[in-house]
Amino acid sequence: MKKFVVFLVIVVAIVCAIAYMYLNFIANRNTAITENMPYETYLNREIFGSDLASVINRAINDNNKNNLEKDEKGLYIANDTNSIKIQVKITDNDTTYDMETFYNSGMDNFIKYYNQIKFKCTNVEYHETTNKIKYMLFEQITS
């Protein structure tokens with residue numbers, strides 16, 4: 001009888017551990033889906049520069065909220081869980097800029113010059129550990 005009780009306690013503990021891991025996995029997946037949604041709506045869609053400015057502002061805000069540090073150039077240092085990096089390829093001069101370049105020079109200037117220019121998100125990468133968006137590339141498609 002004593003062995004049966006010990007066996008039953010071990011089985012219950014194993015079932016509880018598996019249930020905890022499963023529920024934790026589901027919660028993390030749902031969090032990633034919720035946090036990715038505002039960004040994934042732009043994947044393979046043509047958007048105007050004003051919308052791109054909103055995406056950049058959201059990414060800067062999320063990086064600040066997640067307490068990401070910056071390097072000596074003022075660029076956010078990526079981590080393995082929740083950093084977001086956005087790059088914008090401008091075809092006028094065939095140069096790729098980091099989001100911090102536009103943000104630091106003033107989003108008003110970006111909107112002034114690129115408001116009616118169309119961009120398209122051509123690449124998205126995800127963090128391996130959390131499945132949250134890690135990187136987005138927007139390319140200019142009109143001049």
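What's counted below: heavy atoms across the whole structure, side chains too, no hydrogens, waters or symmetry copies. Note that the coordinates shown come from a computational prediction; the quantities given were computed from them, not determined experimentally.
- Asn115 contributes atom CG, which lies 4.5 Å from atom OG of Ser50 (distance to the nearest 0.5 angstrom).
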Table please: side-chain donor-acceptor pairs of residues 101-110 below 3.5 Å, with sequence neighbours left out.
| from | atom 1 | to | atom 2 | distance (Å) |
| --- | --- | --- | --- | --- |
| Thr101 | OG1 | Asp98 | O | 3.4 |
| Asn104 | ND2 | Glu100 | O | 3.1 |
| Ser105 | OG | Thr101 | O | 3.1 |
| Ser105 | OG | Phe102 | O | 3.2 |
| Asn109 | ND2 | Ser105 | O | 3.0 |

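- Expressed to the nearest 0.5 Å, how far CG of Asn66 lies from CD of Glu35 amounts to 7.0 Å.
- In terms of heavy atoms, Asn123 sits closest to Glu125 at ND2-OE2, 3.7 Å.
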- Query: Are Asn63 and Met99 close enough, and set up right, to give a side chain to side chain contact (heavy atoms under 4.5 Å, CB included), and what steps lead you there?
  - Reply: CA-CA 12 Å; Asn63 284 340; Met99 66 181 176; 3.2 Å; yes
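- In this structure, the separation between CZ on Phe48 and CD1 on Ile117 is 9.5 Å, given to the nearest 0.5 Å.
- When the shell of 6.0 Å around NZ of Lys132 is examined, it contains more than 12 heavy atoms from other residues, nucleotides or ligands.
- Without hydrogens or angle criteria, Asn79 side chain to Ser83 main chain gives a donor-acceptor distance under 3.5 Å.
- Taken together through direct or relayed side-chain contacts under 4.5 Å among Ile, Leu, Val, Met, Phe, Trp and Tyr, Leu52 and Tyr97 form part of one hydrophobic cluster.
- Note: the hydrophobic cluster containing Leu137 does not contain Tyr42 (ILVMFWY, side chain heavy atoms under 4.5 Å, direct or indirect links).
- The main-chain N or O of Ile84 is never found under 3.5 Å from a side-chain atom of Asp62 such that the two would form a donor-acceptor pair.
- Side-chain atoms of Thr130 come within 3.5 Å of backbone N or O of Thr81 as a donor-acceptor pair.
- Side-chain atoms of Thr96 and Gln87 include no donor-acceptor pair closer than 3.5 Å.
- Ile60 and Leu75 sit in two unconnected hydrophobic clusters of ILVMFWY residues. Membership requires side-chain heavy atoms under 4.5 Å apart, directly or through other members.
- Residues Pro38 and Arg58 are in side-chain contact: their nearest non-hydrogen atoms beyond the backbone lie under 4.5 Å apart.
- Under the 6.0 Å distance and 45° angle rule, Lys70 counts as a cation-pi partner of Tyr76.
- Note on Leu43 and Ile86: same hydrophobic cluster, where clusters join Ile, Leu, Val, Met, Phe, Trp and Tyr whose side-chain heavy atoms are under 4.5 Å apart, directly or indirectly.
- Ile56 approaches Val88 most closely through the heavy-atom pair CD1-CG2, 4.3 Å.
- For the residue pair Tyr126/Asn36, the side-chain donor-acceptor check at 3.5 Å is not satisfied.
- Between atom OG1 of residue Thr122 and atom CD of residue Glu139 there is a gap of 3.5 Å, rounded to the nearest 0.5 Å.
- There is no side-chain donor-acceptor pair under 3.5 Å between Tyr113 and Asp92.
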Hey, can you pull the donor-acceptor pairs under 3.5 Å for the side chains in residues 8-32, sequence neighbours left out?
| from | atom 1 | to | atom 2 | distance (Å) |
| --- | --- | --- | --- | --- |
| Asn28 | ND2 | Asn24 | O | 3.4 |
| Asn30 | ND2 | Ile26 | O | 3.4 |
| Thr31 | OG1 | Ala27 | O | 2.9 |

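- For Thr34, there are no side-chain contact (heavy atoms from CB on, under 4.5 Å) partners at least two apart in sequence or on another chain.
- Linking ILVMFWY side-chain heavy atoms closer than 4.5 Å, directly or via other members, places Tyr135 and Val55 in two distinct hydrophobic clusters.
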- Could you walk me through whether Ile133 and Met136 pass the side chain to side chain contact (heavy atoms under 4.5 Å, CB included) check? CA-CA 8 Å; Ile133 288 186; Met136 297 179 82; 3.9 Å; yes
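- Rounding to the nearest 0.5 angstrom, the gap separating the CD atom in Gln140 from the NZ atom in Lys120 is 14.5 Å.
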- Task: Assess whether salt bridge (charged side-chain N to carboxylate O under 4.0 Å, His left out) is satisfied between Glu46 and Lys118, documenting all intermediate values.
- Result: CA-CA 6 Å; Glu46 292 182 8; Lys118 288 191 177 183; 3.7 Å; yes
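- The main-chain N or O of Ala53 is found under 3.5 Å from a side-chain atom of Asn57 such that the two form a donor-acceptor pair.
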